[in-house]
Amino acid sequence: MPPTPSAALPAPPDEVVAALRCSVCGDALVRDHRVLRCERGHTFDLARQGYVNLLHAKVPKGTKGTADTAEMVAAREEFLHVGFYAPLADALAERASGRLVIDAGAGTGYYLARVLDALPHADGVALDVSAPALKRAARAHPRIGAAVWNLWQPWPVRTAVADLVINVFAPRNAAEFRRVLVPGGRLLVAGPGRGHLAELIEELGLLDVGADKSERLDSALDGTFTLVERAALSDTVSLPAEDVRRAVLMGPNAHHLHRDGLGERLAAVTKPMRVTTSFVVSVFEKRG
């Protein structure tokens with residue numbers, strides 16, 4: 001079979017490219033066929049899947065062992081596709097507004113795609129340190145542009161360009177939230193609520209990430225953002241054995257399968273389990 005013509009390969013929307021900046025010098029980027037380049041000659045190739053890796057030698061790639069692997073990404077995509085976290089995606093979509101959305105820690109693009117479905121005139125920037133995740137995010141919606149980046153570093157995004165930032169179970173860089181949002185722009189942050197996956201934690205001896213620490217977030221954003229709303233979502237779902245495994249393999253416990261026999265306990269799960277899902281969604285508005 002002949003190779004796919006480059007024109008048919010996915011690429012970030014023009015609106016997304018216009019919102020990005022060169023991660024080396026900070027200048028504006030333009031798309032030239034399958035390359036993003038700035039006036040100073042720094043270039044970044046677009047992968048066949050449509051994402052761009054903006055990391056370079058002077059930028060840390062993140063803490064070793066924290067980026068999602070290809071196996072973790074596959075487990076997450078399969079788990080989310082079933083719809084166990086659909087109420088969270090719906091809650092974000094219902095609260096979304098604006099023309100440019102940044103998903104800080106986008107993963108496979110599941111939540112950003114749902115938000116863009118609710119905003120037919122918006123485009124989305126997916127930022128994540130995991131290239132395997134962004135291979136999927138770049139194809140999750142036609143109006144997504146995806147870029148590999150370490151969220152703890154200053155983002156390769158221009159100042160005051162985003163109407164909305166979403167942040168779901170991901171690192172929270174308050175300084176960059178402030179910088180990239182327009183005055184009056186909104187920030188939607190979602191994290192685990194009380195008892196999230198408690199049954200799996202107890203039965204399998206998983207790492208307990210704890211409930212969302214909203215007080216810390218409020219303190220980090222104080223003075224620049226106003227808390228508009230905080231909502232708690234909770235449900236109980238029946239996870240088939242294969243989805244129990246996916247729920248474990250898609251998160252940080254996947255890095256510790258050889259710890260204290262976790263892999264063996266997980267392999268021994270053969271029946272469905274009733275599991276609590278619990279989320280906290282916080283809505284902030286940037287003060288003008």
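Position 1 is the first residue of the sequence; numbering continues from there.
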What's the shortest heavy-atom distance between [X] and [Y], and which atoms?
X: Leu88; Y: Leu233; answer: CA-CD1, 4.0 Å
X: Met72; Y: Gly251; answer: CE-O, 3.3 Å
X: Ala137; Y: Ala126; answer: CB-CB, 4.3 Å
X: Ala162; Y: Ile102; answer: CB-CD1, 3.7 Å
X: Leu54; Y: Ala147; answer: CD1-CB, 3.9 Å
X: Arg245; Y: Val269; answer: NH1-O, 2.9 Å

Heavy-atom donor-acceptor pair, [X] side chain to [Y] backbone, under 3.5 Å:
X: Asp27; Y: Cys22; answer: no
X: Arg172; Y: Leu217; answer: no
X: Asn167; Y: Ala104; answer: yes
X: Glu176; Y: Pro154; answer: no
X: Arg114; Y: Tyr110; answer: no
X: Arg21; Y: Trp155; answer: yes
X: Lys286; Y: Leu181; answer: yes
X: Arg95; Y: Val281; answer: no
X: Thr276; Y: Leu197; answer: no
X: Arg265; Y: Leu204; answer: yes

Shared ILVMFWY cluster between [X] and [Y], side chains joined below 4.5 angstrom?
X: Trp152; Y: Val157; answer: no
X: Phe84; Y: Val275; answer: yes
X: Leu92; Y: Val82; answer: yes

Within a radius of less than 6.0 Å around [atom1] of [X], do more than 12 heavy atoms belonging to other residues, nucleotides or ligands occur?
X: Arg99; atom1: CZ; result: no
X: Glu242; atom1: CD; result: yes
X: His56; atom1: NE2; result: yes

Check whether any side-chain heavy atom of Leu221 sits under 4.5 Å from a side-chain heavy atom of Leu187, and report yes or no. yes
With heavy-atom distances below 4.5 Å as the criterion, would you say the side chains of Leu20 and Arg158 are in contact? no
Between Arg76 and Asp68, is the closest basic N to carboxylate O distance under 4.0 Å? yes
Are the charged groups of Asp32 and Arg37 less than 4.0 angstrom apart, N to O? yes
Is it the case that the ring center of Phe79 lies less than 6.0 angstrom away from the ring center of Tyr85? yes
